[in-house]
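This report refers to the structure that appears directly beneath it.
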Amino acid sequence: MVRAVRGMRDVLPEEARRWRYVETRLLQVLLSHAYEEVHLPLLEATELFSRGVGEATDIVEREMYNLADRDGEGLTLRPEGTAGCVRALLQHGLLFNQTQRVFYSGPMFRYERPQRGRYRQFYQIGAEAFGFRGPDVDVELILLGRDFWRALGVEEQVELEINTLGSGTARGIYRDALIAYLTPLKNELDEASQRRLVKNPMRILDSKDPATQVLLRDAPKLPDFVDPEGKAHYDDLKEWLTEIGVPYRENPGLVRGLDYYTDTVFEWTTRSLGAQGTVCAGGRYDGLVERLGGRPTPAAGFALGLDRVVLLHQEVHETPQRQGKNQPEPNFAASADVYVCVLKEALAGDAMRVAEQLRIGLPGLRIRSHAGGGKLKSQLKRADLSGAAWAILISEEEMQEGRISVKFLREERAQQSLSPEALIELLQKQPES
RNA sequence: GCGACGGUAGCUCAGUUGGUUAGAGCACCUGGUUGUGGUCCAGGGGGUCGGGGGUUCGAGUCCCCUCCGUCGCCCCA
């Protein structure tokens, strides 16, 4: 049997129902902040990422899915969304003398060791804001995050960490100072950190190796190198967060794996997901637009890991038992809301007509009409299994009188026989999805 | 890329120091009288024991390789 390739995941109906709910909620939040949606290609020129993300990053060095187009052009399955987003806005002149706030959603690809919450094809929702220099837009992005967690009811599980990297130049100076300090101690560093010393020294700050952490105690501190403007920016940000009432934790070790970040960086993390605890992360990247050929443009954004957020949502809101009398809102367990049955097989045509009538009268409700024949008993069994709250029964006598019966599957309530119009009215009052 | 652990029915798992036709629960299908689900009862279908090789009279069980998964490292969302 041909199996899915490693790191590629199938999302089956039960999870997909939750997935759609979560994604819909998140997109609603974005729209409520008047962010505009864009759709971007999965394939980009390889150069976009080597230039945008940074040649020395792990992503570009060994995690990208590279392929050659038929004419030999180097293509890459996007490993992240920001570079492509900037490219698209630049290409169409949307960053010229104007601001933009956009979002996108879709799969990203990285060749990593698969693990729970970490797949080679994984889904991100990204939001980016261009043309805003001040920390107000940083706050806005963080607020977006808080609204996400509230919308999903997982705010208790998530916390915010922030840090500042300072301007690009300040960062460069710090980087050199760090290298100067660590180089003589090179042999005492853990293996991974030794490699990073040349390529991406700031990431050493993230090391979990105890010996390395001891060495770092006396290392130059990033905050001491942050330029006055960067410091003011950061102070403003913190003040704002406090004022608005967004709790945060400062984490001076919070660095980014992608080269383009400057000044503010932030990360929403959870302890509920094991090692893959980062659920949403972002920050400023004032240098990227210029790096990709545009005019210098301040920018900030974040990416949210949908796979992980769905997982987190699942931890907090378990799928209820199918048979429960009071279906929770929303109803993840059900694959239909209304199930149409016939008392005689010859009535199948009438059933389809009635189902269509209901679909028109009850948009939003999932109406499934029985297929495959069988006795009423087995039809009702199907109805129950579908999770539907109502079974509709079509009988010959009632059809002649222009009535149909509704049976309440999830509450103690007598079956009713009524006209289609009355039925629609009845079900309208009880939105189930 | 590194380390540890795991893989038996659709799912969760049992399977004795290697020994007959590999089991359970759940799920699924059928029946328990004509047109009423969930509970109950009876019956039924379903497994190349992840794959390949080896040891052995004999392998789900032992050994090697490989694939996949989980946890951690790493990386990051």
Side-chain angles (χ1 to χ4, degrees), chain A residues 1 3-9 12 14 53 57-63 79-82 105-127 145 190-193 195-196 200 203 206-209 254-258 266-270 273-283 301-312 321-325 339 341-345 347 370 372 374-398 405-412 414-415:
Chain A
M1 203 212 312
R3 299 174 52 90
V5 321
R6 192 151 143 97
M8 304 294 151
R9 195 161 71 103
L12 302 177
E14 185 175 334
V53 176
T57 58
D58 288 283
I59 292 178
V60 172
E61 257 180 12
R62 45 179 237 262
E63 293 182 355
E80 59 96 49
T82 303
S105 174
M108 308 292 164
F109 302 85
R110 287 182 205 170
Y111 188 87
E112 293 182 279
R113 181 84 184 254
Q115 213 174 97
R116 177 177 150 93
R118 186 174 76 182
Y119 309 100
R120 290 180 178 179
Q121 174 177 331
F122 61 102
Y123 291 78
Q124 288 191 335
I125 293 178
D190 62 280
E191 203 186 320
S193 294
R195 256 187 295 118
R196 290 195 204 119
N200 206 349
R203 292 218 45 89
D206 258 355
S207 172
K208 282 168 190 155
D209 181 71
L254 185 61
V255 201
R256 280 279 96 108
L258 287 63
F266 62 88
E267 207 162 284
W268 295 93
T269 61
T270 179
L273 258 36
Q276 311 304 326
T278 301
V279 114
C280 178
F302 64 75
L304 171 147
L306 241 194
D307 309 75
R308 291 179 189 178
V309 172
V310 171
L311 232 38
L312 177 62
Q321 286 306 301
R322 195 200 275 138
Q323 260 68 307
K325 256 187 187 170
Y339 196 98
C341 305
V342 291
L343 296 182
K344 296 219 165 55
E345 286 202 29
L347 295 165
H370 180 78
K375 320 192 286 191
L376 182 59
K377 186 183 174 85
S378 63
Q379 294 183 47
L380 280 169
K381 205 164 180 175
R382 293 276 178 204
D384 184 44
L385 255 23
S386 76
W390 305 286
I392 304 301
L393 308 180
I394 309 289
S395 71
E396 217 159 0
E397 307 85 82
E398 284 186 318
S405 286
V406 57
K407 183 178 170 68
F408 299 88
L409 265 23
R410 310 290 161 205
E411 52 188 320
E412 298 295 338
Q415 187 169 317

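So you know, we letter chains A, B, ... as the sequences are listed, proteins then strands, and number each from 1.
- Comparing the C1' positions of B/C57 and B/U20 gives a spacing of 14 Å, expressed to the nearest Å.
- Across the protein-nucleic acid pair, A/Leu343 atom CG and B/U36 atom C1' stand 8 Å apart, rounded to whole Å.
- Residues meeting the side chain to side chain donor-acceptor pair (under 3.5 Å) test with A/Arg110, sequence neighbours left out: none.
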Original post:
Base, backbone or nothing for each nucleotide of nucleotides 69-74 of chain B, written B, S, -, heavy atoms under 4.0 angstrom, 5' to 3'?
Top reply: SBSBBB
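- In this structure, A/Leu376 atom CG and B/G38 atom P are separated by 12 Å, rounded to whole Å.
- Taking both residues in full, the closest heavy atoms of A/Asp307 and A/Arg9 are given as OD2-NH2, 3.0 Å, listed atom of the first, atom of the second, then distance.
- Nucleic acid contact for A/Ala281: sugar-phosphate only, since backbone atoms but no base atoms lie under 4.0 Å from a heavy atom of the residue.
- For A/Lys407 and B/U36, a side-chain-to-base donor-acceptor distance below 3.5 Å is present, hydrogens and geometry of angles not being considered.
- Residue side chain A/Asp384 reaches the base of B/G37 through a donor-acceptor N/O pair under 3.5 Å, judged by distance alone.
- Considering every non-hydrogen atom in both A/Ala281 and A/Glu267, the closest pair reads CB-CG, 3.7 Å.
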Subject >> Dot-bracket encoding per residue of RNA chain B, Watson-Crick/G-U cut-off under 3.5 Å, | denoting interstrand >> reply: (((((((..((((.....[...)))).(((((.......))))).....(((((..]....))))))))))))....
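- In terms of the side chain to side chain contact (heavy atoms under 4.5 Å, CB included) criterion, residue partners of A/Pro107 (sequence neighbours excluded) are, by chain and number, A/Leu42, A/Arg78, A/Phe109, A/Gln121, A/Tyr123.
- Nucleotides B/G60 and B/G15 place their C1' atoms 8 Å apart, quoted to the nearest Å.
- Partners of A/Arg62 under the salt bridge (charged side-chain N to carboxylate O under 4.0 Å, His left out) rule, at least two apart in sequence or in another chain, are A/Asp58.
- Across the C1' atoms, B/G46 and B/U56 are found 32 Å apart, a figure rounded to whole Å.
- Using a 4.0 Å heavy-atom cutoff across all strands shown, A/Leu306 reaches no nucleic acid atom at all.
- With RNA chain B read from its 5' end, the first of the two nearest nucleotides for A/Arg110 and A/Glu398 is the one closest to A/Glu398.
- To the nearest whole angstrom, the two P atoms, one in B/A59 and one in B/G19, are 11 Å apart.
- The side chain to side chain donor-acceptor pair (under 3.5 Å) search around A/Arg116 returns A/Glu315, not counting sequence neighbours.
- Between the side chain of A/Arg203 and the base of B/C76, no donor-acceptor pair under 3.5 Å is found.
- Spacing of P atoms, B/A14 relative to B/G50, comes out at 13 Å, to the nearest Å.
- Taking the side chain of A/Arg382 as heavy atoms from C-beta on, and the options B/A77, B/G35, B/C29, the nearest nucleotide is B/C29.
- Rounded to the nearest Å, the gap between the P atom of B/C5 and that of B/C62 is 14 Å.
- With hydrogens and angles disregarded, no donor-acceptor distance shorter than 3.5 Å links the side chain of A/Arg308 to the backbone of A/Val279.
- A/Gln415 contributes a side-chain N or O that forms a donor-acceptor pair with the base of B/U36 under 3.5 Å.
- If you take atom C1' in B/C64 and the same atom in B/G1, they sit 23 Å apart, rounded to whole Å.
- The nearest whole Å value for the distance from the CG atom in A/Leu304 to the P atom in B/A77 is 11 Å.
- The shortest non-hydrogen separation linking A/Thr269 to A/Thr278 is CG2-OG1, 4.0 Å.
- On the P atoms, B/U48 is 36 Å away from B/G37, given to the nearest whole Å.
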